[in-house]
Amino acid sequence: MDTAVIVVAAGRGSRMGGEVPKQWQMLAGQPVLAHVLAAFAGLRVLLVIHPEDRARAEGFGVELVEGGATRDASVLAGLRALEGSGVEAVLIH
């Protein structure tokens, strides 16, 4: 079965605070997002990002999709990017 993972990382993390959104804050020497992506190594990953984060995200070597104004709009953007790709199962993080 062809499986893909949609990692939704387009939020601004305003409730957590800090100068950068929580997915870009450092944890054990790496951005939090790096730890998430490592958990899905070997699978097709679509990273749904905020348009302002494209430069940060390009170094991860995964497919990038721009998210929407809400989490559900961002998930939908990821699902639409998979349309017609033959993926049979989708995990949403």
Side-chain angles (χ1 to χ4, degrees):
M1 177 182 329
D2 193 15
T3 302
V5 179
I6 296 174
V7 176
V8 184
R12 300 291 78 199
S14 58
R15 290 180 306 197
M16 184 167 176
E19 293 183 24
V20 297
K22 63 185 169 191
Q23 64 270 30
W24 303 112
Q25 291 187 20
M26 300 301 281
L27 175 66
Q30 297 181 59
V32 169
L33 189 55
H35 298 279
V36 171
L37 296 176
F40 299 113
L43 294 174
R44 179 177 178 183
V45 175
L46 276 75
L47 179 58
V48 182
I49 58 166
H50 189 280
E52 293 176 7
D53 295 337
R54 181 166 289 279
R56 289 178 199 233
E58 286 178 343
F60 286 108
V62 297
E63 294 179 57
L64 302 178
V65 177
E66 289 189 8
T70 62
R71 180 174 174 79
D72 59 329
S74 292
V75 170
L76 183 58
L79 290 170
R80 285 191 173 144
L82 289 171
E83 283 181 331
S85 67
V87 169
E88 298 175 25
V90 179
L91 307 173
I92 301 173
H93 179 281

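Just so it is clear, the structure is predicted and the values come from calculations on it, not from any experiment.
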CA sep, side-chain torsions, deciding dist, call: Arg56, Val20, side chain to side chain contact (heavy atoms under 4.5 Å, CB included): CA-CA 11 Å; Arg56 289 178 199 233; Val20 297; 3.6 Å; yes
Under 3.5 Å: donor-acceptor pair, side chain of Ser74, backbone of Gly68: yes
Hydrophobic cluster identity match, Leu79 and Val8, side-chain contacts under 4.5 Å: yes
Expected output: side-chain His35 to main-chain Leu27 donor-acceptor under 3.5 Å: yes
Inter-residue atom distance Glu66.CD - Asp53.CG, 0.5 Å rounding: 10.0 Å
Heavy-atom closest pair, residues Ala10 and Arg12: O-NE, 3.8 Å
Shared hydrophobic cluster for Val7 and Val90 (ILVMFWY, side-chain gaps under 4.5 Å): no
Leu64 reachable from Ile6 in the ILVMFWY side-chain graph, under 4.5 Å edges: no
Heavy-atom closest pair, residues Gly11 and Pro21: O-CB, 3.8 Å
Give the table of side-chain donor-acceptor pairs shorter than 3.5 Å for residues 37-51, with sequence neighbours excluded, one pair per line with atom names and distance.
residue, atom, partner, partner atom, Å
Arg44, NE, Glu63, OE2, 2.7
Arg44, NH2, Glu63, OE1, 3.3
Arg44, NH2, Glu63, OE2, 3.2
His50, ND1, Glu52, N, 3.1

Residues clustering with Leu76 (ILVMFWY side chains joined when closer than 4.5 Å, directly or via others): none
Verify same cluster id: Val5, Val36 (apolar side-chain graph, 4.5 Å): yes
Donor-acceptor contact present, side-chain Gln23 to main-chain Pro31, <3.5 Å: no
side-chain hydrogen bond (donor to acceptor under 3.5 Å, both in side chains) partners of Arg54, counting only residues at least two apart: none
Single-linkage hydrophobic cluster, 4.5 Å side-chain cutoff, Ile92 and Val87 together: yes
